[in-house]
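Sequence positions, counted from 1, serve as the residue numbers for this chain.
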Amino acid sequence: MLDMAVRKRIGSFTIDLELSAGNELVCLLGPSGAGKSTLLQMIAGLIQPDEGRIRVKNITYVDKQAGYRRVTHLAPHKRRVGYVFQDYALFPHLNVCDNIVFGVNRLDKTVIRNAVDLIDMLRLKGLEHKRVNEISGGQQQRVALARALITKPDILLLDEPFSALDELIRRKIRIDLLRVHRETKIPILLVTHDLDEAYTLGDKIAVMDQGKIFQWGNREEIFRRPVNRKVARFVGMKNIFSGRVTDVDNEKKLIRVAGEKFAAYLPYFSCGVGEQVTFGIRPEDVRLIRDGEVLGQPVRDNLLRGRLVDMVPEGLGYRLFLQITSDNYDLEILVPYQVALNHRLNTGCEIIVSLKKSALHLIEKGGGQKAV
C-alpha cells in the first residue's frame with residue numbers, strides 16, 4: 001500500500017499532491033513536464049520533498065512536516081523499491097543472469113530460485129548467458145524488470161519503460177507486465193503519456209499536469225467522465241461543447257442544452273434552466289446513421305446532419321471530421337474501416353450522426369480547471 005502527500009518546489013515548478021493506492025497497477029498519465037518522474041524519484045529517495053509524508057506498506061520513507069524539527073528520511077538503499085528507468089540502466093559487460101542478480105547482497109538458494117522463476121515468467125529462458133548488448137530491446141526491458149523484482153520489493157516504479165520499443169513489442173511487454181502484477185500482487189506505479197497504455201494497464205489512473213493530480217479513478221471514469229476540459233482533451237474526448245440549459249424534463253430524466261452549434265439532450269443531472277454547462281462525447285461514441293434507418297429512442301434524440309470535410313486513416317479505421325455549422329469542422333468521429341466502407345464515405349458527402357445520450361458527459365458547470 002502506498003500513502004503519500006508531498007510538496008516539492010523545483011525552480012518555478014511545484015509538485016503538490018496526495019496519492020493513496022493499494023496493491024494496484026497505477027498509471028501516472030500526463031504530458032511531459034507534469035511531474036510524473038519526479039514523483040517516482042521522491043518515492044525511491046532520489047529526490048527529497050520539501051515537506052510531506054511517504055509510506056509504503058506501513059514503512060515510513062519520509063515524514064517531514066513544516067515547522068517541525070523532527071524529520072524522517074529513509075535512505076534510498078533501505079527502501080524496498082524496484083525501479084525500472086526509461087533507458088533500463090543495464091550493465092553491457094555482464095550477461096543476462098548477472099544483470100538480474102546484480103543488486104542482491106548475498107547469492108543464496110532462495111535468490112537463485114527467484115531468478116529462475118523470473119527468467120521463466122518473463123520469457124528469458126535460453127538467454128541467461130548472453131550479454132545484454134547481444135539481445136533485443138524488448139528482451140533488455142524484461143531483464144531490467146526481472147532485476148527490479150529479484151529483491152521482492154514492496155513497490156515497483158516504472159518510468160516510461162516501453163517508450164523506446166516498437167508497437168508490436170510494446171503490446172507483448174504489456175501482457176508480461178500484467179502477468180507479473182497478477183502473480184506478485186505488489187503495487188506498481190507506471191509513468192506514461194500513452195493513452196492506450198494507460199487504458200490497457202491501469203487498474204487506477206492519475207491524470208497529472210503542472211505538479212498536481214487533476215483526476216483519479218478507474219479507466220472508465222477517466223476516459224468517459226473527465227472532470228474538466230483539460231482532462232477531457234488530454235484523454236481524447238475531442239468533442240467538447242458549451243451551452244445553456246433550456247429545458248429540464250424530470251419525467252424522462254433529460255435536460256436540453258442549446259449552444260452555438262446545436263442543441264442536445266443529455267442524461268439528467270442537478271441543474272436549472274439557464275445554467276451554463278460544458279459537455280462532451282468521445283469520437284468513437286458518435287454513431288453513423290443511414291438514411292431511412294429505423295431508430296430506437298436512445299439514438300434518435302440527438303440526430304445531426306453535416307458534411308464530411310475530411311477523413312484520415314487511423315489504426316484500423318478512419319477519423320472523420322464533420323462540419324455542422326459554418327466552422328471548419330464541428331465533430332470528430334472514429335469509425336472502423338468496415339463501417340466507413342459500408343457507408344461509402346468520401347470527403348464532401350453528407351452524413352447523419354447520432355450523439356447517444358448515454359455517451360454524452362457533463363464535463364463542468366461554468367469554467368475552471370480544478371485539481372483534486
Side-chain angles (χ1 to χ4, degrees), residues 1-11 13-57 59-64 72-90 103 141 144-165 170 173-174 177 180-181 184 186-194 197-198 201-216 371:
M1 178 177 176
L2 169 68
D3 173 49
M4 66 184 301
V6 293
R7 181 179 174 83
K8 176 69 176 179
R9 187 175 180 85
I10 304 173
F13 180 76
T14 300
I15 290 181
D16 188 359
L17 55 81
E18 296 185 22
L19 179 63
S20 295
N23 295 333
E24 298 155 319
L25 199 162
V26 176
C27 286
L28 302 178
L29 178 65
S32 298
K36 307 184 296 297
S37 297
T38 303
L39 185 62
L40 295 195
Q41 291 173 41
M42 283 193 279
I43 296 172
L46 305 179
I47 293 178
Q48 186 172 349
D50 296 332
E51 58 184 270
R53 69 178 186 278
I54 301 174
R55 292 176 62 82
V56 177
K57 288 198 173 180
I59 299 174
T60 299
Y61 288 2
V62 173
D63 191 353
K64 188 177 183 181
T72 299
H73 186 263
L74 196 65
H77 68 276
K78 294 183 178 180
R79 303 185 186 195
R80 293 184 55 80
V81 172
Y83 205 139
V84 178
F85 296 90
Q86 189 172 353
D87 61 357
Y88 313 148
L90 299 175
Q141 195 278 341
L145 190 55
R147 185 180 62 183
L149 292 167
I150 188 69
T151 57
K152 294 189 176 297
D154 289 336
I155 189 168
L156 179 62
L157 310 178
L158 307 175
D159 193 352
E160 296 197 63
F162 314 138
S163 60
L165 304 176
R170 289 176 75 159
I173 297 296
R174 288 170 189 167
L177 182 59
V180 165
H181 183 240
T184 61
I186 65 172
I188 298 176
L189 260 64
L190 169 69
V191 166
T192 183
H193 60 267
D194 186 300
E197 197 160 272
L201 295 175
D203 297 319
K204 292 290 180 66
I205 299 171
V207 181
M208 287 185 62
D209 198 14
Q210 303 168 2
K212 296 178 174 57
I213 294 176
F214 278 76
Q215 189 171 355
W216 162 263

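Counting heavy atoms from C-beta outward, Val81 and Pro153 have side chains that stay 4.5 Å or more apart. Using a 4.5 Å heavy-atom threshold, the side chains of Phe214 and Met208 count as separate. Ile43 has its side chain within reach of Leu189: a pair of non-hydrogen atoms, C-beta onward, lies under 4.5 Å apart. Residues Asp194 and Arg170 are in side-chain contact: their nearest non-hydrogen atoms beyond the backbone lie under 4.5 Å apart. Using a 4.5 Å heavy-atom threshold, the side chains of Tyr83 and Asp159 count as touching. Contact check for Thr60 versus Arg53: no side-chain heavy atoms found under the 4.5 Å cut-off. Within the 4.5 Å cutoff, the side chain of Ile188 has no heavy atoms near those of the Asp203 side chain. No side-chain heavy atom of Leu2 sits under 4.5 Å from any side-chain heavy atom of Ser20.
For Ser163 and Gln86, the side-chain atoms include at least one donor-acceptor pair closer than 3.5 Å. Side-chain contact of His193 with Glu160: a donor-acceptor pair under 3.5 Å is present, judged by distance alone.
With respect to the salt-bridge test (charged N to carboxylate O, under 4.0 angstrom), the residues Asp16 and Lys212 do not qualify. A salt bridge between Lys64 and Glu51 is absent, with no side-chain N of the basic residue lying under 4.0 Å from a carboxylate O of the acidic one.
Atom NZ of Lys57 is surrounded by more than 12 heavy atoms from other residues, nucleotides or ligands within 6.0 Å.
Residues satisfying the side-chain contact (heavy atoms from CB on, under 4.5 Å) test with Thr38, not counting sequence neighbours, are Ile10, Ile15, Met42, Ile47. Judged as a salt bridge (Lys or Arg N to Asp or Glu O under 4.0 Å), and not counting sequence neighbours, the contacts of Asp50 are Lys8.
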